[in-house]
Every structure is written in structure tokens, then in C-alpha cells.
Amino acid sequence: MFIAGLFAVGIPAISLAAEPVRLTDGGKLKFSPTHDADGKSIIYVELEKPTLLRLMRLDLETKKKAPLHEKAASSEFEPCFSRQSPLYAFARLKGPLSVAICIRNRQTGAEVEIPPAEGFSGLRSPALTSDGKRMAYIFPDGGGGRLLSVASDGSDRRELADGSSINNWPDYSPDGKHIVFGSTRDGNYEIYLMPAEGGAAQRLTDSPFQDIRPRFSPDGKRIAFVSHRDGNAELYVMDRDGSNIRRITDHAERDDYPVWDPAGEYLIAVCERGGKHDLYQIPVTGDKP
Amino acid sequence: MISVRWHYKTRGMNDPLINIGAFSARTCAGVSRRSFLQLASALPLGAGLAGLPQICSAGESPAKKVRAKSIIFVFLWGAPSHLDTCDPKPNAPSEYRGPFGVIPTRTPGVHFTELLPQMARRSDKFTLVRSHVTSAGGHPDAGTVALTGFEEVPTPVKPNFGSIVAKHRGPSGALPPFFSIANGVVMDGSRRIEGYGGGTLGRAYDPFLVGCSDQGEANIPALQLLDDVNPARISDRRQLSQQLDRISAARDLTGPWNRTASRAYELLTNPAARAAFDLTREKPETRGRYGWTVFGQSALLARRLAEACVPYIQLNYSRHVEAINPGFEFGWDTHAYNFELLQDWHCPILDRAYSALLDDLHDRGLIDQTLVVCMGEFGRTPKISLRAARDHWPPCYFSLWAGAGIEPGRVIGESDARGEHPRTEPLSPLRVGTTIAELAGIDTEARAAMRVLENGKVIEGLV
């Protein structure tokens, strides 16, 4: 049983128009899918070989996949795209336990690199605004994860949340006015919403198990996320204010890394089925608030 | 350099080919990897381990009662955090406990983090030890201590637990008595763990190395030395044997590569031995239960080797210790990305493969004669580091023990409120090795005769 809701306690089922569709095959470990700017391809991460994570592009029309950066010799992961600019960002392994974030112009190939701190330090979770003018990311520091933002040229660094707790997975609202993110500030991973320039954060979830990887819908009215609240990693959708949580998947295996399709009708996610990891397109039509 | 993979192509109903390797072929244009040695399997395709019972009988265990005919030592190289896995501290201050929720196991009063739900549901199949300590704080030395019971210095390095078992058991038929499953000797950076092999017992008791891909293709690093193999197609065992004999004759037979290479030849030319490596003989559902990952398929390979009565199998989670390092496999050394790697990658893979391994051993009636020990070389800092991760922590860590008649569903030892130190008797790797040896039938007298595991005591409650 893939479709959700039947076994959820207190979380309603939703009306689904179609069954999930598998988009890739091969079953290799995959992570972090996202749509590219024009929505015609999905960029995701695949463990190409035991020593290399590679950014892959899946053409949704031809179903062909190919490396995004064919010559990349070091692992690259956590891609994100700006909807209205030629910029995209990703994490790049620079050395032993040392990860930078790169902002790249897909038209010119020009790159801006946000370097990690000295020693073991891994920047993570880049998120670009739709207009590509700013990027939020996580800098692990002070025992937690500082939520920072920079201009797309790497300048004007601002702290949006300090490192007194672990913050992760920021995502800008489509209008760029808010950020949704995960944080341990109240004990375990929950999801919060706050103004894009920082400030008071509104808690959206409350579960003894982790609620992680929030992603705004294209219209900004809903948020998809992953929760372990029902025993393993499943996909959920809630309204922007944290209400109306509904479970999208229900499977003994893992469903993770949701991202919305540009029309807001589907989630693309990495689903584990029969021990294989592939991208699936999962319908969520009919649940718009 | 060549890489050697084994996988099957179906040529006919009962006539499969084994691709022994992808070899570098010299051409006018240079060197290309374009050719395979192909070997017609003499074995019928079928379910289970066709041909392997002969191996078992050839390597029958010693006359005295032996609880563990095979040992699978699951080595979580790099060291998982005990707090984020099997010894969570939900009541510790936030800078210790980490971000994960806890879930009950089937053992009353015992919780794991939410990252290991399948293992939590199987806690009635293993016994958890929560009071380990080790004497070394760096990976190379701690790795040696974990695998031998002793530090690297003073030299000479002591033998791996597997080498001790291998020497005690002697030859076990067509298969070597001690396997280490990884794509080479386990490493920290460019340095191997000195305790990987025979140590004072000699290189004759080094492990036979075999790697496994995420698709279940076995590869044998020893055969990567055969870079002058002619890539001509070989269609039967006799031809392959002749070819390998020619290579062997042309080599310096006293060279250090020769012993393992010779054993590799023997495996290539023994159908029953080859069958042990052929994961395509398993049902797809079985392979899927372990997960289509390097560790998952390696765990399945370990089960097949145990089923073939190989006395000791060291199942390494990764070859390299580093969690994230260019050109290295992704191990458990999570000085950065600890929480991300554990929840996204390492724990789901471990949870699935370890659970499948226990289920499979139970289903096949092998668990009573197989010991499965799962552990790293130390723990990780209970207090979260400046970089929101966890560093090395030798004073406290855990292990899991299943099979070989060990009463499951228990906890031995206890750590303190923050997981910093054992509250109960500290249990060293020497105790681990001594316990393994005892369960393998190597008693105090035998250990003394071999001059191994000196002054070691068993872990009470496991023997």
C-alpha cells in the first residue's frame, strides 16, 4: 500500500487522482531531487560509485539521465535551483570532512564558492530565492547549525538563526518573504516558519519524532515535509500555518526528500521499494486548502 | 590495473557464463578495459547454495562442541555514535542527546533512536552490550585494538580474531577460512589497519579479501594483480586453469602476492566455491531485503559464506573510515555531517541489512551455529561538537551479539546518564576477542598454545 492515510491515526487521508509513477530505475542510492529552473528536468544526487556522489539530470520528457557536471571528480550534492534566474547552488566536497557551497550560473558557468570553516566543517542545505538574489544555508557552529543568508555573489552575510540549536533544510517561500526550516530548538526536529530576514519563528509541527525537510508548494500555501511520526520516513503535507496535516505515503519502506512539481500537483521523492532507491512522482491533487 | 567483477549472463537455460573480469587490453591505441574472461559455470542455476554442502563437510568443525561454526563480525568502521543509535540518552541535556527521538525495542525498558526501527523490532534476536571501552583514540590504532584486542605497539602486531579462528580451524575446504568483505584492506586515509590480518601468526592467516558492489557483483582485489592476463575468451574451467597456470609460472611464486592470488585461482576453478559468491542464486526478494547497497549485498554475501561454513567473515561497512572525503568510501567517522549522514544514509542501510541478515539466518536455521557480532572501534563524543557533530570517544560504546546460542533480548552493561562512561564493568576489545574465540571452540588451553589473546577473559553472560 503506497497511498496514505488508511493507517494514520488522527491524520486524514486525502483524495488522490493517480498512482505514484516511478521515474528512474537502477535502484542506486539517491538523494535530494529538485526541479531545474524550467521544470523540464529533475536534478538529483546519485551514489555513482562507493566513493562519489554525483549530480544527475533526469529529462522528464525523454526519461534520459546524464551527469549534470560530467567532469566533477569530487562529490557534489544538495542541489537547489532559482526559479527565475540562471543560478543554482549545491554542496561540493572540498577535502576531508570539508564541504563548501557553490552558486553557479548555468548560462555562463561562473561560480561563487562559500568556503567552509577550517578543519572539519561542512556547509549544507543551500536554498535560493526564486529571483536568485539571496541564498540561505547552514553553517554548523557553536554546537548547532547557524542559519545564514548571503547575496548571490557571496557578500552581505546575515545570521537568521544562531547555533544554539541544530537548524537545517531552509526553503524560501515563492515570494521570498519567508523561510521554512527544521530546528531542534524545542528538543527534537520540528518545522518552523520565520521571516526571510530573520526574527521570531512560528512552530508548525509538534511530534516526538523528527519532522524534517520542509518544502513550500509553488503557490506558497502548503508545505511538504518528511516525518517519522508513524514509524518510518513518510511524506506529509500541511497548510502553511501548520494546520491540516495529511499523510501522503504509507509504506514499510522509506519515502523521503519531497519536492513539489512546478504545478503543485505532485511530489517528487526518493522512495525505497524492494531495497532499491528511485525517484517517484506522487500525486497530491485534490488537497489544496 | 584491472578490476575484476563476477556476474552472470544467461547464455542458455542451464548454461550461464561468469564474467570473471573486465581486463585491461593492450591495443595499438593504448589500454582499454573492454574484454572479459568468461567462464562457463559447471553448476546448474537453482535456488540456494548448490554445491556448497561439500564445502561444509570438507571443513567440518572440530570434534569438540563448538557453538559458533561461523562468525560474522560486522565492523562499523569509523565508529557510530552510541547515543544516536543503540544507547540514546533522551533525558540528557540537549547538547548531549542529539536531535533524534527514541523508540521502544522489544526488550523491556530498552530504547533505540528512531533511526533504527527494524533493529528495535528485532531486539529479541540479539543481546546488546553497552559498556565497552577501548584504549586507543585514533582510528588506525583503535581499529587494530578492535580487531585484535591489542594496540599496534609494541610490535609485532597481534593477529586479527579471524586469523586466530582460521588457524584453529585449519583449511575449510574450497573456501579460505577467513574472509574480509571490502574493496581492499580497511584503511584510515592512506594507512591500513595493522590488525587486519595474521599478525604474529603470519600472513598465511591474512583474510581473503572480497568486495561486493551495490548490484551484488563480487570482486577479488587479489586478481587485480593479473594485469597481464590475456583477455582472450575462455569458455571452460580447463582453459582458465591453463591460462592462470601460465601466469603463475611466469610470476615470482615467492612474491607476497602469490598466496592470495593462488587462493583466488583456486576459487575461480572450483564451481562450488564460485557459487558462494554468486548472489544471483538468491531470490530477488531476498536480495532486496538486504537492500541494493554495497553493505546490503555484502551482508548477503556474508550470509552465503557462513552458510558455506566459512569460519570467520569480517563484514566491513566500508573500506574507508572517513565519513566524507574525496575518493573514499563513506564510513562512520562523522566529525562533520554526523546527524545528516546517520539519518539519511548509514542508519537506514545498517537497519535494513543487519535486520535482514538476522532474519535470514533464523529462517535458514543457521542462527544457532552462527555468531553475529556488530560494533565499531569506539563510540563518539556524547557532547555535540562545535561543528554540530560528534568526535571520537573511546571510553564508551556498544556492541550487538546474536546467534551461537547466546540468549537474546538482554542488555549487558550500562553506560552513565550521558553515555560518557560505563557504570558497570568496562568491557575491552580483548574481552570481545576472547569471547568470540571461546564461542568458536578455542578455549583457554588452545589460546595459550597459540599464544593469542593473552590474559583475555570472556564477557560473562555471552558464553
Side-chain angles (χ1 to χ4, degrees), chain A residues 26-29 31-32 47 49-53 73-75 93-99 116-117 119-122 124-125 138 140-146 163-166 168 182-185 187-189 207-210 212 228-229 231-233 253-254 256-257 272-277, chain B residues 90 94-95 97-103 113-115 117-118 183 189 211 213-215 284-285 287-294 296-297 318-320 322-330 333-340 343-345 348-349 351-353 356 383-389 391:
Chain A
K28 282 182 172 290
L29 279 174
F31 310 90
S32 309
L47 184 65
K49 56 184 180 179
T51 57
L52 185 68
L53 291 167
S74 188
S75 287
L93 181 56
K94 299 290 291 183
L97 294 152
S98 180
V99 179
F120 300 144
S121 177
R124 63 199 59 160
S125 295
I138 302 300
D141 192 26
R146 295 168 65 193
S164 60
S165 60
I166 300 171
N168 212 338
S183 177
T184 62
R185 59 189 60 196
N188 71 326
Y189 281 128
S207 161
F209 304 104
Q210 54 180 329
I212 59 176
H228 286 224
R229 61 184 61 197
N232 71 332
E253 295 178 276
R254 182 179 173 198
D256 209 342
Y257 305 98
E272 189 179 24
R273 295 292 179 269
K276 296 184 175 182
H277 297 77
Chain B
S94 61
E95 64 268 31
R97 67 173 179 257
F100 304 123
V102 297
I103 54 175
T113 68
E114 60 189 318
L115 304 185
Q118 295 193 57
N183 290 311
S213 77
D214 57 6
Q215 300 304 304
E285 298 78 24
R287 302 183 71 187
R289 278 202 293 275
Y290 283 83
W292 294 89
T293 59
V294 169
Q297 296 300 297
S318 59
R319 182 186 185 195
H320 300 110
E322 291 81 0
I324 183 164
N325 197 359
F328 290 72
E329 294 180 9
F330 295 79
D333 189 23
T334 50
H335 294 284
Y337 280 91
N338 175 74
F339 304 114
E340 292 82 356
Q343 73 180 26
D344 295 352
W345 191 330
I349 287 173
D351 191 45
R352 185 178 193 109
K383 187 173 183 180
I384 296 170
S385 70
L386 184 69
R387 299 301 181 207
D391 300 322

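Chain letters run A, B, ... following the sequence lines, proteins first, then strands; residues in each count from 1. Reckoned from all heavy atoms, side chains included, excluding hydrogens, waters and symmetry mates.
Contacts with chain B were tallied for A/P116, A/S165, A/G144, A/A233; A/G144 has the most, counting heavy-atom pairs under 4.5 Å. Heavy-atom pairs under 4.5 Å with chain A peak, among B/R289, B/R352, B/R287, at B/R352. For the options B/R97, B/Q215, B/H320, B/Q343, heavy-atom pairs under 4.5 Å to chain A are most numerous at B/Q343. Contacts with chain A were tallied for B/A388, B/A389, B/G101; B/A388 has the most, counting heavy-atom pairs under 4.5 Å. Note on A/G95, A/S75, A/G27: by heavy-atom pairs under 4.5 Å with chain B, the leading option is A/G95. Of the residues considered (A/K49, A/R124, A/K28), A/R124 shows the highest number of contacts with chain B, using heavy-atom pairs under 4.5 Å. Of the residues considered (A/G145, A/G187, A/G231, A/S74), A/G187 shows the highest number of contacts with chain B, using heavy-atom pairs under 4.5 Å. By number of non-hydrogen pairs under 4.5 angstrom with chain B, the leading residue of A/V99, A/N232, A/I212 is A/V99. Among B/P117, B/S94, B/S385, the residue with the largest count of heavy-atom pairs under 4.5 Å with chain A is B/S385.
Heavy atoms of B/D344 lying under 4.5 Å from chain A belong to its backbone as well as its side chain. Of the two parts of B/P326, the backbone and the side chain both hold a non-hydrogen atom closer than 4.5 Å to a non-hydrogen atom of chain A. Neither the backbone nor the side chain of B/E285 comes within less than 4.5 Å of any heavy atom of chain A. With a 4.5 angstrom heavy-atom cutoff, B/P90 does not touch chain A via any of its atoms. Proximity to chain A (any heavy atom under 4.5 Å) is shown, for B/E322, by neither the backbone nor the side chain. B/E340 touches chain A through its side chain: at least one heavy atom from C-beta onward sits under 4.5 Å away, while N, CA, C and O do not. When heavy atoms are compared at a cutoff of 4.5 Å, B/F328 approaches chain A solely by way of its backbone atoms N, CA, C and O. There is no contact between B/R319 and chain A, counting heavy-atom distances below 4.5 Å. For B/E95, no part sits under 4.5 Å from any heavy atom of chain A, backbone or side chain. Within the 4.5 angstrom heavy-atom criterion, atoms from both the backbone and the side chain of A/P96 approach chain B. Only the side chain of A/R254 comes within contact range of chain B, with at least one heavy atom under 4.5 Å from a heavy atom of that chain. Contacts of A/T51 with chain B are made by both backbone and side-chain atoms, with heavy-atom separations under 4.5 Å. The contact between A/K94 and chain B is made entirely by backbone atoms, counting heavy-atom distances below 4.5 Å. With a threshold of 4.5 angstrom between heavy atoms, B/Y290 does not approach chain A through any atom at all. Proximity to chain A (any heavy atom under 4.5 Å) is restricted, for B/T293, to the side chain, taken from C-beta onward.
Minimum heavy-atom separation, A/L52 to B/F330: N-CE1, 4.0 Å. When all heavy atoms of B/Y337 and A/G122 are compared, the closest pair comes out as CE1-CA, 3.5 Å. The shortest non-hydrogen separation linking B/P99 to A/N188 is O-CB, 3.4 Å. When all heavy atoms of A/G143 and B/I384 are compared, the closest pair comes out as O-CG2, 3.5 Å.
Side-chain contact between B/F100 and A/Q210: present, with at least one pair of heavy atoms (C-beta onward) separated by less than 4.5 Å. Contact annotation: the side chain of B/F339 never approaches that of A/N168 to less than 4.5 Å [non-hydrogen atoms, C-beta and beyond]. By the 4.5 Å heavy-atom criterion applied to side chains, B/I103 and A/H228 are not counted as neighbours.
For NZ of B/K383, the number of neighbouring non-hydrogen atoms (other residues, nucleotides, ligands) closer than 6.0 Å is 12 at most.
Expressed to the nearest 0.5 Å, how far CG of B/L115 lies from CZ of A/F209 amounts to 11.5 Å. Distance check: B/N325 CG to A/L93 CG gives 6.5 Å after rounding to the nearest 0.5 Å.
With hydrogens and angles ignored, the 3.5 Å screen pairs a side-chain donor or acceptor of B/W292 with a backbone N or O of A/G274.
Taking the ring-ring contact (aromatic ring centres under 6.0 Å, His included) definition, one finds that B/H335 meets it with A/F120, B/H392, sequence neighbours left out.
For the side-chain contact (heavy atoms from CB on, under 4.5 Å) with A/L29, the qualifying choice from B/I349, B/D214, B/V294 is B/I349, the only one to do so.
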